[in-house]
Number of protein chains: 2
Amino acid sequence: MAHSHSNEHDLMDLRAKLRGKDRRITKPREEILELLGKEDHPISAKIIHEKLEGSCNLVTAYRSLKMLESMNLVKRFDFGDNTARFELICCNDKAHHHHLICNDCRTVVEIEECFDPKMESRIAQKHGFRNVTHQLEFFGLCSSCQTA
Amino acid sequence: MAHSHSNEHDLMDLRAKLRGKDRRITKPREEILELLGKEDHPISAKIIHEKLEGSCNLVTAYRSLKMLESMNLVKRFDFGDNTARFELICCNDKAHHHHLICNDCRTVVEIEECFDPKMESRIAQKHGFRNVTHQLEFFGLCSSCQTA
DNA sequence: TAATTAATGCAAAAGACTTGCATTTAAAGC
DNA sequence: GCTTTAAATGCAAGTCTTTTGCATTAATTA
Ligand SMILES: [Mn+2]
Ligand SMILES: [Mn+2]
Ligand SMILES: [Zn+2]
Ligand SMILES: [Zn+2]
């Protein structure tokens, strides 16, 4: 998705959202948001904890991510390896997107393309569901891994 | 997907595939295949172990499912709750399909519809990937859970 | 029936994530 | 600033899914 690495302006926005919900702006939370703002692809709680080296406990990372997710500041992705990964939902980025993951080296490519939204509403209507969303990820062999 | 519950014929097929690969047809494996043949939706290793009550150890369920997956007899699905679920790949069913899951009661609906395969090949080509597949699941609120 | 070796089952471990609880700290009021 | 108070943190311990080591069992083949 070629994230235009979130800037100060974005983080201000996020802080405002937090304030408006009786939530506190803590050092760990600021650091998580700042780190996520710099990342190009979803990262796990463990990676966040490692990169934040000392300034954010692993448990705090899990708790913060869950909270940020519930506030729609962060999106959770599942690459099928029992490890949740998270991306910042930036105002200037397209929030909804997908990924292409190499089955071998685990390289991640951001995918902006998506199918016609009519398919989703058709499915929702047909089965009487509301608020239907989807999770879509592509898997394959990247060019490096094809040769090896 | 309205599985046409796999019959004897299917299971014979599966046994043949196993034999051809130096694999043994054991009681737990037969029971897992037979059970999966009766299910309408993907089920977890734990559920398999529970339903097979005594005739298949949980570890054996995990090991068998992994093996069956590697032989393309079974497909793994991920409904975003840290629990892998498996479905039999039946000859007479459409192997490739998706699901619609209620975020509240976890009801599962089989979805046959899929997007234009051209999108997938376009993405593969654009990024130099080969053997690209996808995982797509829909989530929403089923009609019962909307009222509650 | 005996030999071979894949598959099983138990126990233990690994790994992701959660929870309880005492301590710290952000932020609101004075 | 100083005090108050409730949210957030960090540690330890727990849960839950999945994996691994190893001795035992059992499917296949001769
Ligand atoms: Mn992304
Ligand atoms: Mn299905
Ligand atoms: Zn690769
Ligand atoms: Zn429901």
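Throughout, a chain's letter reflects where its sequence line sits, starting with A, and its residues are numbered from 1.
Atom CG in Leu58(B) sits about 9 Å away from atom P in dT17(D), given to the nearest Å. Taking atom CZ of Phe86(A) as the reference point, atom C1' of dC17(C) lies 10 Å away to the nearest angstrom. Counting to the nearest Å, the P atom of dG21(D) and the CZ atom of Arg63(B) are 10 Å from each other. The separation between Lys46(B) atom NZ and dT19(D) atom P is 16 Å, rounded to whole Å. For the pair Tyr62(B) OH and dA11(C) C1', the interatomic distance rounds to 16 Å; values are reported in whole Å. Taking atom NE2 of residue His49(A) and atom C1' of nucleotide dA16(C), one finds them 14 Å apart after rounding to whole Å. Following rounding to the nearest Å, Leu65(B) (CG) and dT19(D) (P) show an atom-to-atom distance of 10 Å. Nucleotide dG10(D) holds its C1' atom 15 Å from the CD atom of Glu31(A), rounded to whole Å.
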With a 3.5 Å cut-off and sequence neighbours excluded, list the donor-acceptor pairs that the side chains of residues 134-145 of chain B form with protein atoms.
from      : atom 1 : to        : atom 2 : distance (Å)
His134(B) : ND1    : Glu120(B) : OE2    : 2.4
His134(B) : NE2    : His96(B)  : NE2    : 3.1
His134(B) : NE2    : His98(B)  : NE2    : 3.3
Glu137(B) : OE1    : His99(B)  : N      : 2.8
Glu137(B) : OE1    : His99(B)  : ND1    : 3.1

Report, one line per pair, each donor and acceptor closer than 3.5 Å where one atom sits in a side chain of residues 45-54 of chain B; sequence neighbours left out.
from     : atom 1 : to       : atom 2 : distance (Å)
Lys51(B) : NZ     : Glu39(B) : OE2    : 3.1

Validation: residues 57-65 of chain B side-chain donor-acceptor distances under 3.5 Å, sequence neighbours left out:
from     : atom 1 : to       : atom 2 : distance (Å)
Asn57(B) : OD1    : Val59(B) : N      : 2.7
Ser64(B) : OG     : Thr60(B) : O      : 2.8

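Across the interface with DNA chain D, nearest-nucleotide mapping of Ser64(A) and Val59(A) shows Ser64(A) to be the residue nearer the 5′ end. Where Cys56(A) and Lys66(B) each meet DNA chain D at their nearest nucleotide, the meeting point lying more 5' is that of Cys56(A).
When the local axes at the two ends of the helix from dT1(C)-dA30(D) to dC30(C)-dG1(D) are compared, using 5 base pairs at each end, they differ in direction by 40° after rounding to 10°.
The residues Glu87(B) and Lys75(B) are annotated as not salt-bridged, no charged nitrogen and carboxylate oxygen being separated by less than 4.0 angstrom.
Each of dC17(C), dT9(D), dT8(C) was ranked by its minimum atom distance to the side chain of Arg29(B); first place goes to dT8(C).
Residues satisfying the side chain to side chain donor-acceptor pair (under 3.5 Å) test with Arg85(A), not counting sequence neighbours, are Asp81(A).
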Treat primed atoms plus P, OP1 and OP2 as sugar-phosphate and everything else as base, then score nucleotides 25-30 of chain C 5' to 3': B for base contact with protein heavy atoms under 4.0 Å, S for sugar-phosphate contact only, - for none. BBS---
